[in-house]
Student: 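Here it is: the structure, laid out below.
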Amino acid sequence: MSTKKQPLAVQLVEAGEKGVIKKPAGPSQPDFAHRLIHHPDREVASEMIKQQATHEADQKFGAELEKLKLDMADIDARYKASSKTLIRLEEKKAATKRYIKSGEAHSGSNKDVIKFKDWRRKDQILLCLTLFFLFVAVALGMGNVYANLMSSGNAVFLEDPWLAVMLSALLPIASVSIKFLTNFFEYDRSRRRYAICIYVLTLVALLIWSVLFSLNFTGISSEIDWNSFEESNDTGSALVWSQLLVEMLAASALFLAAEDIYMRYSPDTYIENLEYIEVDKALKEHLVTHEALRELRGKLHGRLVELEAERQAFINDRIVKYISIRARHVATINSHSNS
C-alpha cells in the first residue's frame, strides 16, 4: 500500500519541529528566531521577536541603565543646587566693591602728605581765592534768606530773629550736601562728570537770574515798555528764587573746585576690600566643585545615551536577523515549490 507523499513545505515544517524537539532551544536569540520562522502570522512573530529582544537587552543593559538613572537624578539635584549657589556668589561679588578707601592709610603716620607750603604757587593762590569766594557765596545765601524772612513781616521772625538765622543756614547746608555726593563716587571720572553738571547748572541759573534781575531793576537806562507783558506778571518771586539757586549752586561749584585742587596733593588711597576677597575666594572654591559636578553629570548623561543606543541597536539587530532568517526560509520553500 503506497502512502501519499506529503508536500515539501509540510515536510520542512515537520522536520523543523522534530529538530526543535531533539535540540532544546538555548537562551540565545538566533535559536528563538529559528523556532519562530514557522509561525503562520508574520506580524505576531515579529512582535514576539521584538519582545524577546527587549527582554534580552534589559538583561544585558538594564542594571547599568537603572543605576545610571538613579545616579543622574542625584547628580542633577546636586548640580541644580550648585548652580543656585554659583549664581548667588556671582551676584554678591558683582554687588561688592573691589576697592574701598583706606582709613588706616589716611590716619597712619607713614602717609606721605604734601604740605601746603610745598604746593605750587598757582594752586595756593587758586585755593585761597576759591575758599574766599566760597565763604562769600555762603554768606550771601544766608543773608538773602535772612533778609527775605525778616522783610516778610512775620511776627515770629521779628520777635525771634534767631529763627530766621537758623532757617537761612539751610542754604549752605544744601550746598555742602550737593558737594558731598561726590564722596560716594568710586571713580574720578564720575566725580568729574558730576562737577561739570553742577557747573553747567550754575551757569544756567546765573543766566536766568541775570534776565530776571534786568526785568526788575532797569537802572539808569531808558524806561522799557512792558505793555507786551501781562499786567499781573510779577517776577519778584522768581528773582528771589533764582538768586537763592545761584548762590546754592555757586557755593557747591566752588566747594568742588577747592576739593579738586586739594586732591592733587592728597589723593584718596584705596585698598582691596576684604569682603570682596572673601567672596571671590568662595566663588573660586565653589567653581572647582561645580565644574567637577558638571563634568560628572556630562559623563553620566553621555553614558546613558550610549547605553540606550546600544540597547536599541541590540533590539534592532535581533529583529533584522529574524527578518533575514525568515526571508531565507521563505525563499527556500519557494525554490523547492517551483522545482
Side-chain angles (χ1 to χ4, degrees), residues 101 114 116-117 119-154 157 161-221 224 229 233-268:
K101 291 183 180 180
I114 302 177
F116 181 76
K117 64 179 181 179
W119 288 17
R120 290 190 306 174
R121 184 67 61 186
K122 173 185 175 182
D123 291 335
Q124 291 177 343
I125 296 174
L126 286 177
L127 182 63
C128 293
L129 286 175
T130 303
L131 292 176
F132 172 75
F133 286 111
L134 172 61
F135 175 79
V136 172
V138 170
L140 287 176
M142 290 186 64
N144 189 15
V145 176
Y146 179 81
N148 280 278
L149 291 176
M150 297 302 294
S151 63
S152 64
N154 194 313
F157 299 122
W162 279 106
L163 290 177
V165 174
M166 293 174 64
L167 286 176
S168 63
L170 288 175
L171 189 140
I173 291 174
S175 299
V176 174
S177 300
I178 292 173
K179 180 270 157 198
F180 274 112
L181 186 61
T182 59
N183 287 26
F184 297 94
F185 293 152
E186 185 174 358
Y187 302 106
D188 292 336
R189 179 178 58 185
S190 301
R191 185 183 290 108
R192 287 194 297 269
R193 289 179 178 176
Y194 178 75
I196 292 174
C197 181
I198 295 299
Y199 296 149
V200 172
L201 290 176
T202 303
L203 179 59
V204 172
L206 183 62
L207 291 175
I208 295 174
W209 174 82
S210 63
V211 173
L212 293 174
F213 185 85
S214 64
L215 292 177
N216 285 271
F217 302 98
T218 57
I220 59 175
S221 60
I224 303 176
F229 296 95
N233 183 25
D234 184 10
T235 57
S237 299
L239 176 63
V240 174
W241 171 81
S242 64
Q243 185 170 340
L244 292 175
L245 185 62
V246 169
E247 290 164 348
M248 180 180 66
L249 291 175
S252 299
L254 291 169
F255 205 160
L256 288 170
E259 181 190 42
D260 181 69
I261 298 172
Y262 175 77
M263 289 184 65
R264 296 175 189 174
Y265 302 94
S266 181
D268 289 332

Student: Nearest 0.5 Å, what's the CG-CG distance between L244 and L239?
Tutor: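 So the gap between those two atoms works out to 9.5 Å.
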
Student: At their closest point, which heavy atom of A164 faces which heavy atom of M150, and how far apart are they?
Tutor: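 Here A164 and M150 meet closest at CB-SD, 3.9 Å.
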
Student: Of all heavy-atom pairs between S151 and N148, which one has the smallest distance, and what is that distance?
Tutor: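 In terms of heavy atoms, the two residues are closest at OG-O, 3.1 Å.
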
Student: What are the two closest non-hydrogen atoms of V138 and P172, and how far apart are they?
Tutor: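 Closest approach of V138 to P172: CG1-CB, 3.3 Å.
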
Student: To the nearest 0.5 Å, how far apart are CG in L131 and CG in L126?
Tutor: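 Output value for this atom pair is 11.0 Å.
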
Student: Supply the atom-to-atom distance L181 CG to R191 CZ, rounded to the nearest 0.5 angstrom.
Tutor: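 Here the rounded value is 10.5 Å.
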
Student: Distance check, rounded to the nearest 0.5 Å: Q124 atom CD versus R121 atom CZ?
Tutor: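 Interatomic distance, Q124 CD to R121 CZ, rounded to 0.5 Å: 4.5 Å.
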
Student: For M166, does the CE atom have more than 12 heavy-atom neighbours from other residues, nucleotides or ligands under 6.0 Å away?
Tutor: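 Result for CE/M166: open.
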
Student: Judged by atom type as modelled, is there a donor-acceptor pair below 3.5 Å linking the side chain of N144 to the main-chain atoms of L140?
Tutor: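 It does not hold such a pair.
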
Student: For F116, check ring-ring contact (aromatic ring centres under 6.0 Å, His included) against everything at least two apart and list the hits.
Tutor: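 Listed in chain order: W119.
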
Student: Going by salt bridge (charged side-chain N to carboxylate O under 4.0 Å, His left out), name the pairs with one or both residues in residues 166-181, residues two or more places apart or in two chains.
Tutor: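 Those involving residues 166-181 are K179-E259.
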
Student: Specify the closest pair of heavy atoms between R264 and D123, including all atoms of both residues, with the distance to one decimal.
Tutor: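 Closest approach of R264 to D123, heavy atoms only: NH1-OD1, 2.8 Å.
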
Student: With rounding to the nearest 0.5 angstrom, report the CG to CD distance, L206 to Q243.
Tutor: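 One finds 11.0 Å between CG of L206 and CD of Q243.
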
Student: Above 12 or not: heavy atoms from other molecules or residues under 6.0 Å from OH of Y194?
Tutor: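 Atom OH in Y194 is crowded, with more than 12 foreign heavy atoms closer than 6.0 Å.
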
Student: Where do L149 and L167 come nearest, in terms of heavy atoms and distance?
Tutor: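 It is CD1-CB, 3.8 Å.
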
Student: Mind listing the closest non-hydrogen atom pair of L171 and G141 along with its distance?
Tutor: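 In terms of heavy atoms, the two residues are closest at CD2-CA, 3.7 Å.
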
Student: Kindly determine whether L201 and C197 satisfy side chain to side chain contact (heavy atoms under 4.5 Å, CB included), including the steps that lead there.
Tutor: CA-CA 6 Å; L201 290 176; C197 181; 4.2 Å; yes

Student: Hey, can you pull the donor-acceptor pairs under 3.5 Å for the side chains in residues 249-257, sequence neighbours left out?
Tutor:
| residue | atom | partner | partner atom | Å |
| --- | --- | --- | --- | --- |
| S252 | OG | S175 | O | 2.9 |
| S252 | OG | M248 | O | 3.2 |

Student: Measuring from atom OG1 of T182 to atom CG of D260, what distance do you get when rounded to the nearest 0.5 angstrom?
Tutor: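 That separation rounds to 10.5 Å.
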
